[in-house]
Amino acid sequence: MIELTVNGATHRVDVDPATPLLYVLRNELALNGAKFGCGMGQCGACTVLVDDRPVFSCLYPVSSTAGRRVRTVEGFGTPEKPGPLQQAFIDRQAVQCGYCIAGMIVRAQALLERVAHPTEQQIREHMNPNLCRCGTHMRILDAIRAVAATGELHRAGEKGPAS
Amino acid sequence: MRWRRTGYVAGAVLLAGVIVFAAIAWQPAIPPVKSPDIAITPELVSKGRTVVALGDCAVCHSPEGHPAFSGGLGLRTPFGVIYTTNITPDVETGIGAWSLDAFMRAMRHGVSRDGHLLYPAFPYIHYTKVTDDDLRAAYAYLMTQPAVHAPAPRNDLPLPLRFRPALAVWNLLYLRPGAAPALDASPRERGRYLVEGLGHCSSCHTALGIIGGESGRYLGGGDVDGWHAPALDVLAHAPRPWTVEQLSAYLTTGLASEHGASAGPMRPVTDNLGDVPPEDVHAIATYLMTIQTSQPPTAPKAGAVADASQLARGHALFDGVCATCHGDGGPMETQLGRPPLAASSALQGPTPRNAIMMVLQGIPWPSHPKPTAYMPAFADNLTDDQIADLVVYLRSTTSQPPWPDVRDEVRRARKDLSHD
């Protein structure tokens with residue numbers, strides 16, 4: 001049995017230690033926000049946070065989570081009360097098919113928690129690993145900029161690891 | 001009386017020492033110029049473009065996220081961090097006020113236009129061998145690039161090393177000024193000229209001594225940015241011996257079909273060499289294959305054979321994390337003429353360092369789109385023990401003996417990375 005903490009809740013799952021975290025999140029815990037895109041760490045659709053760092057969960061063995069804090073897009077808000085990035089993505093209609101969006105929001109969250117008001121270049125470099133096949137990148141960037149302007153996700157006093 | 005005489009002698013020796021030191025350390029400023037002081041023709045600029053590419057100037061002076069040639073890359077040396085400077089023709093923060101003489105003096109002697117001595121992280125001990133014609137062309141090319149205002153960040157060095165005149169002593173030991181042109185028109189001589197001079201291969205591929213001078217066997221292997229720069233004089237003794245063709249392909253495209261992809265600090269070098277005339281890369285490969293040792297290198301100390309449970313853990317991790325790309329029939333095994341993973345230099349090499357670094361850092365996407373190898377970084381995905389299990393397992397899939405102390409090496413590599 002493997003114990004892992006996701007969005008503050010502790011779970012015990014009976015899987016092989018090398019199973020990718022993404023499979024555990026989706027198949028065992030029914031957290032279907034993170035998506036299987038390429039399975040090769042090239043698209044970012046499966047991005048989740050582990051100890052505040054964005055990782056490709058399709059290439060992340062579940063046994064690596066021991067003692068670490070996993071966060072997924074489900075932990076950022078609810079349909080009734082979306083988190084700041086979720087609300088900004090809705091307001092700016094940054095979603096076309098939506099497949100990449102959970103990964104986009106999660107990766108952006110990591111940056112905005114660490115840097116209160118990132119520059120345009122910082123945002124673009126940080127978001128570089130995540131792809132959107134529909135091509136809504138401009139709206140995605142716009143939504144991120146809107147939250148960056150408020151600085152509300154920034155965790156004061158936390159320097160956080162470089163990404 | 002005796003004491004007084006001793007005092008005079010000591011004083012005289014000290015004074016003489018100061019005078020000699022001042023004579024070798026003091027360099028005059030070269031007057032600024034308003035514009036380049038040579039006739040700049042399109043042919044000269046075009047030649048200079050090739051010279052600058054062969055000199056790998058952009059590797060250090062055009063780091064990711066900075067405008068071309070504006071510097072700002074922090075070079076981690078054992079002594080501290082030294083930042084590369086702006087070599088665009090900006091008058092205030094670049095080399096815009098430099099005459100050809102000032103440029104030549106910097107390249108040949110490691111002296112800035114204003115007379116201060118440059119740190120040998122700038123490879124003037126190699127550039128000194130470059131011919132006047134090539135330096136002139138490089139000057140013409142750099143002086144016609146867009147000027148960028150970019151002051152160099154302050155170096156992070158301990159106090160004694162901030163006293164630049166002391167570099168004069170280092171120069172006495174390691175700098176042999178003067179051009180070393182090719183002696184004839186053969187590819188071998190052209191290759192020697194490029195390897196020793198512009199290419200400054202030994203800056204990374206020769207081990208450095210305690211004061212940062214190249215003091216190991218020439219091109220016998222070195223360490224840079226946490227990676228192992230392999231020995232270039234034993235390529236013929238590799239499990240699959242390198243050939244001129246494999247080496248040329250590797251240097252030009254970053255991928256050798258029998259040895260794998262370039263990574264780490266070599267990646268920008270192969271990116272650069274993709275842009276120079278193929279005959280120059282062929283010359284470099286030709287020369288390197290002529291300096292191979294007659295005897296194979298002594299085998300490094302082998303580690304204990306891994307226990308079955310560690311191999312099983314490594315195998316399981318491989319299946320879960322790596323196999324989508326590297327498994328049988330996976331894209332890395334079937335596309336673009338890549339070698340099987342077990343044949344790659346990183347897994348065949350004398351130390352596990354580069355295999356570990358590949359797992360930790362991967363190969364980033366290039367800034368300029370071109371056919372390339374890419375691999376995600378796993379530093380945040382795998383624990384040290386998992387990386388050790390994986391690397392030990394992967395080594396067991398080769399014909400080589402086990403590496404010793406892989407677990408400790410993972411910890412050391414991670415520590416080297418944490419200084420970034």
Side-chain angles (χ1 to χ4, degrees), chain A residues 2 15-24 36-71 103 106-107 110 114 118-131 160-163, chain B residues 63-67 72 74 309-327 330-335 358-369 372-390 393 410 414 417-420:
Chain A
I2 286 174
V15 294
D16 187 291
T19 309
L21 174 60
L22 177 68
Y23 298 2
V24 175
F36 182 95
C38 65
M40 295 174 152
Q42 299 197 5
C43 76
C46 66
T47 305
V48 301
L49 298 182
V50 178
D51 280 356
D52 306 331
R53 288 170 180 257
V55 300
F56 301 126
S57 64
C58 72
L59 298 177
Y60 192 105
V62 66
S63 52
S64 272
T65 59
R68 294 171 164 178
R69 215 158 48 98
V70 179
R71 287 188 291 155
V106 169
R107 185 170 295 277
R114 185 166 53 83
T119 63
E120 179 69 18
Q121 192 189 344
Q122 274 177 308
I123 294 176
R124 284 173 180 248
E125 275 177 19
H126 178 85
M127 296 305 294
N128 186 39
N130 286 41
L131 304 179
S163 62
Chain B
E64 196 69 47
H66 296 251
S309 69
Q310 185 178 24
L311 291 178
R313 287 197 306 273
H315 196 164
L317 280 167
F318 178 85
D319 286 346
V321 182
C322 321
T324 345
C325 297
H326 291 289
M332 300 312 130
E333 306 287 303
T334 52
Q335 290 179 6
M358 275 301 273
V359 176
L360 286 171
Q361 288 196 316
I363 303 177
W365 292 113
S367 47
H368 307 291
T372 186
Y374 159 81
M375 172 168 153
F378 288 90
D380 292 341
N381 292 34
L382 298 169
T383 64
D384 288 1
D385 285 349
Q386 287 174 328
I387 293 175
D389 291 346
L390 195 52
Y393 162 71
V410 175
R414 179 96 67 175
L417 277 182
S418 67
H419 296 303
D420 275 345

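Chain identifiers are assigned alphabetically (A, B, ...) following the order of the sequence lines, protein sequences preceding nucleic acid strands; residue numbering begins at 1 within each chain. These numbers come from the heavy atoms of this one structure, side chains and all, not from hydrogens, waters or symmetry mates.
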Using a strict 4.0 Å threshold on nitrogen-to-oxygen distance, state whether B/Asp384 and B/Arg414 make a salt bridge.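 Here B/Asp384 pairs with B/Arg414 in a salt bridge, since their nearest N and O are under 4.0 Å apart.
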
Chain A interface, residue from B/Asp385, B/Thr324, B/Asp319 that has the most non-hydrogen pairs under 4.5 Å: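 Option with the greatest count: B/Thr324.
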
Which portion of B/Phe318 sits near chain A, non-hydrogen atoms under 4.5 angstrom: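 No part of it gets close to chain A.
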
Listed by chain and number, what are the side chain to side chain donor-acceptor pair (under 3.5 Å) partners of A/Asn130, not counting sequence neighbours?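 Applying side chain to side chain donor-acceptor pair (under 3.5 Å) to A/Asn130 gives A/Arg107.
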
Give the table of side-chain donor-acceptor pairs shorter than 3.5 Å for residues 15-22 of chain A, with sequence neighbours excluded, one pair per line with atom names and distance.
unit_1  : atom_1 : unit_2  : atom_2 : d
A/Asp16 : OD1    : A/Ala18 : N      : 2.8
A/Thr19 : OG1    : A/Asp16 : N      : 3.4
A/Thr19 : OG1    : A/Asp16 : O      : 2.6

Under 4.5 Å to a heavy atom of chain B? For A/Ser57 that would be neither

Distance in Å, A/Ile123 CD1 paired with A/Met127 CE, rounded so as to fall on 0.5 Å steps: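 Reported value, rounded in 0.5 Å steps: 9.0 Å.
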
